Number of protein chains: 2
Amino acid sequence: MNKSEGLSEQAGNETSDLSKARLRAWLQILKVSRKIEGELREKMRTEFNTTLPRFDVLAALYRERDGMRMSELSKSLMVSNGNVTGIVDRLVAEGLIVRMPVENDRRASIVRLTPAGEKDFAERALVHESWVSELFDDLSSSDADALIRILRNISHHNEAPHHD
Amino acid sequence: MNKSEGLSEQAGNETSDLSKARLRAWLQILKVSRKIEGELREKMRTEFNTTLPRFDVLAALYRERDGMRMSELSKSLMVSNGNVTGIVDRLVAEGLIVRMPVENDRRASIVRLTPAGEKDFAERALVHESWVSELFDDLSSSDADALIRILRNISHHNEAPHHD
DNA sequence: TGAAAATATTTCAAACCTAAAATATTTGTG
DNA sequence: CACAAATATTTTAGGTTTGAAATATTTTCA
């Protein structure tokens, strides 16, 4: 029933020490993630006059200069399809991205940065990186590496199983 | 200008390796946090017929059996005051918590679990812990400790400075 | 070919979330 | 005491988010 419980687990011991340690780890991830996200949202608002979700979309499109489909975008950001529609609508209205038809598939559309969007993001990305670096001021190089390694293990375990 | 840059930083080197490592670490935190949060939200919905924010409120009140003020609640959950108002309204409607007047201060109110809310949460908390433990199945005891230590460092650095 | 299934996206309703304004009450100070 | 400042909470407007339903188009296959 509980995959996490190995040979040494005693019957009747409902929540093991390991299980409790994992819960604490999760709550700590959540705490840091909320705190940092809040700080960045505030910076985005006051200094860039934009929002975190919009910045995230621009970042994704900056990595894929030829553009992405709506579904690729939502998958990459790990948010729902419907959510991306609204954010893309606003970024289009701001002139930072465009929707383009897809050859041979009139259901889909490709979204990509406009020159203005590309310029905007390139400038802001550097400032964003400096904000993050300040917020993680106490994170040493070796701790950053350890953190990344541990978290990658967790993501890999929870990777969506792919269809074949 | 950039507190994170030490003596060895070269002028003109706009984003140091350390700064990039920290950015990668942040993006990885965000990725794990979104993935896990999504999985837990889905479980909450399908198996408990509730939402993560509501569960979080119950969890906070379960730790403080005598109840908390609205402001303590929002601070503890790191969300805005207005946000908590709505969630508390819904939990009151569900009969899981109650608002009580505060002696000598008619501005404030204290929120606490009803017996039903206490019972409900106690049962669900165990299941929740087992979900988390499964999602973190690959996280060893020592990695959990390392993760907690590193993340605590980060939270402490970003702790809100207190008023004296 | 032509209907059913699959796919890509948008729309919708409900909830969540924030920042700022509004409301109600208490505290501090002349 | 009066009344300004501070405090606790709610309300409001606008944006974000989800899951499900709706729409449009493409693919599959009998």
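Chain A is the first sequence line, chain B the second, and so forth, proteins listed ahead of strands; every chain is numbered from 1. From a predicted model like this one, the values you see are computed outputs, not experimental measurements.
For the segment residues 53-70 of chain A, the set of residues with a heavy atom within less than 4.0 Å of an atom of DNA chain D comprises P53(A), R54(A), in numerical order. Contacts between residues 76-87 of chain A and DNA chain D, defined by a heavy-atom separation under 4.0 Å, are made by M78(A), V79(A), S80(A), G82(A), N83(A), I87(A).
A straight line from CG of N49(A) to C1' of dG15(D) spans 13 Å, rounded to a whole angstrom. Summarising the geometry, the separation between CG on D89(A) and P on dG15(D) is reported as 12 Å, rounded to the nearest angstrom. The nearest whole Å value for the distance from the CD atom in E42(A) to the C1' atom in dA20(C) is 13 Å. Rounded to an integer number of Å, the gap from NZ of K75(B) to P of dT9(D) is 13 Å. Whole-Å rounding puts the R106(B) CZ to dT23(C) P distance at 18 Å. Between the CG atom of D105(B) and the P atom of dT23(C) there is a distance of 20 Å, given to the nearest Å. In this structure, CD of E103(B) is placed 17 Å from C1' of dA8(D), rounded to the nearest angstrom. The CG atom of L30(B) sits 15 Å away from the C1' atom of dT17(D) (whole-angstrom rounding).
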Handout entry: Residue pair L23(B), H128(A): steps toward the side chain to side chain contact (heavy atoms under 4.5 Å, CB included) verdict
Key = CA-CA 9 Å; L23(B) 181 57; H128(A) 173 258; 3.9 Å; yes
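R45(A) comes within 4.0 angstrom of sugar-phosphate atoms only, judged by non-hydrogen atoms across all strands, and of no base. If you check every strand for non-hydrogen atoms under 4.0 Å, R99(B) touches sugar and phosphate atoms only.
Toward the 5′ end of DNA chain C lies the nearest nucleotide of S109(A), the other residue of the pair S109(A) and L52(B) mapping further downstream.
Between R65(B) and E118(B), at least one side-chain N (NZ, or NE/NH1/NH2) sits under 4.0 Å from a carboxylate O, which counts as a salt bridge. Between R149(A) and D145(A) there is no salt bridge, since no side-chain nitrogen of the basic residue lies less than 4.0 Å from a carboxylate oxygen of the acidic one. With salt bridges taken as basic N to acidic carboxylate O contacts below 4.0 Å, none links R69(A) and E72(A). The existence of a salt bridge linking R41(A) and E37(A) is excluded, since no basic side-chain nitrogen approaches an acidic carboxylate oxygen closer than 4.0 Å. Between R124(A) and E47(A) there is no salt bridge, since no side-chain nitrogen of the basic residue lies less than 4.0 Å from a carboxylate oxygen of the acidic one. Under the 4.0 Å criterion applied to side-chain N and carboxylate O atoms, R22(B) and E129(A) are not assigned as salt-bridge partners.
Contact annotation: the side chain of M70(A) approaches that of V111(A) to within less than 4.5 Å [non-hydrogen atoms, C-beta and beyond].
Between dT7(C) and S71(A), no contact under 4.0 Å exists linking OP1 or OP2 to a side-chain N or O. The phosphate of dT16(D) has OP1 or OP2 within less than 4.0 Å of a side-chain N or O from R90(A).
The residue from R34(A), K31(A), Q28(A) that alone fulfils the side chain to side chain donor-acceptor pair (under 3.5 Å) condition with S155(B) is Q28(A).
The base of dT9(C) does not come close enough to the side chain of R107(A) for any donor and acceptor atom to sit less than 3.5 Å apart.
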